[in-house]
Amino acid sequence: MAKVTIDGIEVEVPNGSTIIQAAEAAGIEIPRFCYHERLSIAGNCRMCLVEVEKAPPKPIASCGYPVADGMVVHTDTPMVRNARRGVMEFLLINHPLDCPICDQGGECDLQDQAMGYGMDHSRYAENKRAVKDKNLGPLVKTVMTRCIHCTRCIRFITEVAGVPDLGATARGEHMEVGTYVEKALGSELSANIIDLCPVGALTSKPYAFVARPWELQKVDSIDVLDAVGANIRVDARGPEVLRILPRINEDVNEEWLGDKSRFSVDGLKRRRLDRPWVRVDGKLQPATWSEAFAAVHEKLRGVPGERIGAVAGNLCDAESMLALKELMVALGSSNLDCRQDGAKIDIARRDFYCFNTGIAGIEEADALLILGSNPRREAPVLNARIRKTWLNNGMPVGVVGTETELTYPVTALGAELSVLSGLIDGTHAFGKALRDAKKPMVIVGQAALARPDGSAVLAAAWKLAGEIGALAPDWHGFNVLHTAAARVGALDLGFVPGPRGRDLAGMLGGGVDVLWLLGADEFDTSAIGPNTFVIYQGHHGDAGAHRADVILPGAAYTEKHGTYVNTEGRVQHGFMAVYPPGEAREDWRIIRALSEMLGKTLPYDTLEAVRARLAQVNPAFANVGFLPRFGASDLTAPAGDPAAIGSEPLVPAIASYYQTDPISRASPTMAACVTAHAPATAIAAE
């Protein structure tokens with residue numbers, strides 16, 4: 001550790017730290033444009049100049065200058081102030097004065113630092129240069145004349161996203177940032193360069209000229225479009241959500257967010273269900289809440305519990321699933337399922353279906369086997385963490401599955417699961433890399449579990465984890481990567497068939513007389529029996545609503561207070577940003593009101609009471625935001641015979657990253673992304 005004095009404050013920092021890092025530890029602000037703590041050091045904006053005693057008598061760039069024991073640094077001397085003013089004057093020589101029409105206005109680093117550290121005039125009167133705008137696809141808008149060449153976007157796309165689409169051509173005044181050959185950015189994390197850009201060169205194309213930051217109401221929430229549970233901020237104006245941005249959470253998403261989670265926001269106002277509907281004479285007709293409830297009550301009257309079923313969708317909050325499960329139990333039904341894909345999951349213990357290493361724990365791993373998953377498509381933020389680990393320690397990665405175009409080098413082990421036997425007994429070459437690792441890790445995806453032999457695959461993956469040393473007292477390297485935000489919470493609540501209960505496949509084809517779909521749209525609704533009465537409760541007119549006999553309009557995740565459990569088992573709360581449209585209501589309140597009409601009144605009337613009940617059902621719901629690290633204390637394997645694995649090759653769990661749920665399917669921006677990336681997909685397929 002080195003002791004450094006900065007502006008009279010003594011601070012102790014690790015050896016190898018830079019002056020700017022030491023200043024942050026001391027709580028001293030040093031302006032910067034190119035430096036970012038998660039990217040490599042470029043040292044090309046020169047805004048972070050400081051003065052160091054006993055060093056050459058000139059300003060020193062603090063982002064790239066390492067500290068030494070006893071160093072004395074001054075960040076606010078006449079020399080430093082003049083140097084920063086000169087740098088700002090140079091930056092503004094070519095920067096256009098279009099703040100009034102720039103979407104970055106009001107949250108622009110250049111504006112803030114020009115005010116805090118710049119001059120009130122310029123000595124340069126030459127014509128400003130103009131640069132042609134680049135087309136980076138349907139998400140990122142460019143006004144490249146504003147670019148100050150900080151290269152943050154280039155470094156992020158190359159280092160973090162792992163898709164080196166951006167670079168700089170030419171030098172000096174002629175330097176331009178672009179894609180060399182014009183094309184849409186190929187990363188699922190591409191829009192993070194909008195947040196990184198310190199000026200208005202890169203802004204949101206769908207959000208262009210929509211609102212100013214001071215007009216927006218900002219509410220914290222949780223992303224539900226994948227199972228990572230990224231922390232987000234929902235910005236709304238009046239009744240409409242206008243944009244979604246990431247929040248910093250080092251344990252989950254750092255400060256990144258997937259493009260689908262950020263830009264499918266326009267799907268929240270399209271194809272919405274804003275009033276109840278009842279099917280009359282084969283046609284859905286608008287109805288009042290009383291009429292819809294009466295239709296449900298009339299249909300359920302006299303139907304035995306074993307002929308009633310319920311399916312929970314992928315975007316549901318824990319409160320609504322708890323209420324629906326308890327209503328079904330009160331009606332005498334044990335026909336419950338949350339696995340629309342048919343995944344074979346053992347819920348006897350939580351570590352059979354969670355990402356036990358934790359997302360942050362990925363950085364401790366030194367070998368990885370990915371089984372039936374494509375993290376780049378299913379969880380791009382988590383995939384960035386895997387790439388980060390590979391960059392830091394060269395972690396070998398093996399992939400069993402069809403997709404090997406990840407953002408790091410992998411050893412392709414084929415798409416057939418027969419390779420598992422060789423990995424388990426150590427005869428396969430990659431098995432040695434797993435056994436030689438101190439902290440090996442196995443990730444099992446839904447493509448491996450959503451098969452007839454899914455339980456055998458789960459048992460085989462657990463056995464492999466035990467053989468390679470991934471199940472240790474201080475390290476739990478067995479991980480299940482889910483694709484549905486609601487899945488772990490539903491499994492925690494036991495939203496699966498009870499004794500003699502039917503799963504989703506058993507409820508289809510006339511298996512039940514009444515089927516309640518709670519936002520369930522990700523299965524073939526045409527397989528529902530023609531005489532089955534379908535109650536659809538959700539927020540979008542998707543597949544489930546088209547088949548419904550009664551539609552109960554619910555609230556989307558931005559329109560309610562909700563509890564969500566991510567793939568690692570972390571319980572998090574989202575908050576209401578806007579009210580549901582029209583007559584739509586929060587889902588658990590709908591179920592609570594209907595339970596009273598059915599004579600099965602649920603014992604809670606407030607959100608606090610529902611959450612207290614959640615903690616009673618499963619104590620995990622009491623640990624909000626906190627995820628304890630643990631090793632593998634019980635090595636008992638999940639149910640299933642590892643030798644019963646079939647010969648069918650694995651197929652991807654999701655067909656398209658950009659359209660996986662009712663919200664993203666209703667989004668014009670996501671449709672534009674599908675179109676923009678279709679040629680690249682076709683070429684890759686060839």
Side-chain angles (χ1 to χ4, degrees), residues 226-229 252 312 314 337-362 365 368-379 381-383 385-386 397-401 403 417 420 423 434 440-451 453-466 468 470-471 475-496 564-571 618 620 627 629-632 634-640 642 645 650 652-654:
D226 60 29
V228 172
V252 181
N314 292 351
D337 209 349
C338 62
R339 303 158 300 178
Q340 297 180 79
D341 54 4
K344 309 298 187 294
I345 300 174
D346 188 342
I347 66 167
R349 291 211 319 267
R350 207 171 190 236
D351 58 343
F352 288 163
Y353 59 83
C354 282
F355 202 95
N356 301 296
T357 303
I359 296 173
I362 293 173
L368 170 62
L369 176 70
I370 300 175
L371 175 61
S373 176
N374 181 356
R376 179 175 172 183
R377 302 283 189 269
E378 297 169 17
V381 172
L382 184 144
N383 188 66
R385 189 86 72 153
I386 297 176
V397 180
V399 175
V400 180
E403 293 287 347
L417 291 169
L420 284 177
L423 293 172
L434 294 172
M441 186 167 68
V442 177
I443 294 178
V444 184
Q446 298 308 294
L449 301 178
R451 298 161 42 105
D453 59 354
S455 57
V457 177
L458 186 68
W462 181 275
K463 183 177 181 180
L464 172 62
I468 63 177
L471 304 177
W475 175 254
H476 202 316
F478 179 83
N479 303 297
V480 176
L481 179 58
H482 293 278
T483 57
R487 183 68 54 84
V488 175
L491 296 175
D492 284 343
L493 292 171
F495 207 103
V496 292
Y564 303 96
V565 188
N566 73 350
T567 190
E568 57 181 350
R570 185 185 303 272
V571 179
N618 192 325
L627 186 69
R629 293 292 301 276
F630 56 88
D634 187 347
L635 301 184
T636 305
I645 295 177
L650 290 164
I654 58 175

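Since the structure is predicted, the reported quantities are computational estimates derived from the model, not experimental observations. Numbers for residues simply follow the sequence, beginning at 1. Side chains included, hydrogens not; waters and symmetry mates left out as well; all remaining heavy atoms used.
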Shortest non-hydrogen contact from [X] to [Y]?
| X | Y | answer |
| --- | --- | --- |
| Pro375 | Ile370 | CG-CD1, 4.0 Å |
| Thr357 | His476 | OG1-O, 2.9 Å |
| Arg487 | Ala343 | NH1-CB, 4.1 Å |
| His482 | Thr567 | N-OG1, 3.1 Å |
| Asn356 | Arg350 | OD1-O, 4.4 Å |
| Leu481 | Ser373 | CD2-OG, 3.4 Å |

**Item:** Any donor-acceptor N/O pair, Asp341 side chain to Ala450 backbone, under 3.5 Å
**Value:**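 Checked: no pair found.
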**Prompt:** Under 3.5 Å, is there a donor-acceptor pair between the side chain of Trp475 and the main chain of Met441?
**Reply:**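 Absent.
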**side-chain contact (heavy atoms from CB on, under 4.5 Å) assessment of Arg349 paired with Thr636** = CA-CA 10 Å; Arg349 291 211 319 267; Thr636 305; 3.7 Å; yes
**Arg451 vs Leu650, side-chain contact (heavy atoms from CB on, under 4.5 Å): CA-CA, chis, key distance, verdict** = CA-CA 9 Å; Arg451 298 161 42 105; Leu650 290 164; 3.9 Å; yes
Atom [atom1] of [X] and atom [atom2] of [Y]: how far apart are they, to the nearest 0.5 Å?
| X | Y | atom1 | atom2 | value |
| --- | --- | --- | --- | --- |
| Asp346 | Tyr353 | CG | OH | 10.0 Å |
| Ile362 | Ile386 | CD1 | CD1 | 5.0 Å |
| Arg339 | Ile345 | CZ | CD1 | 6.5 Å |
| Asn383 | Arg385 | CG | CZ | 12.0 Å |
| Thr483 | Asn314 | OG1 | CG | 6.0 Å |

**Item:** Ile468 and Val442: CA distance, side-chain angles, deciding distance, side-chain contact (heavy atoms from CB on, under 4.5 Å) verdict
**Value:** CA-CA 10 Å; Ile468 63 177; Val442 177; 3.9 Å; yes
Should [X] and [Y] count as side-chain neighbours, where that means a heavy-atom distance under 4.5 Å?
| X | Y | value |
| --- | --- | --- |
| Phe355 | Asn566 | no |
| Val571 | Asp492 | no |
| Pro652 | Asn374 | no |
| Leu471 | Phe478 | yes |
| Val381 | Asp226 | no |
| Leu420 | Leu371 | yes |

Exercise answer: donor-acceptor pairs, residues 455-465 side-chain atoms, under 3.5 Å, sequence neighbours excluded:
residue: Trp462; atom: NE1; partner: Leu635; partner atom: O; Å: 3.3

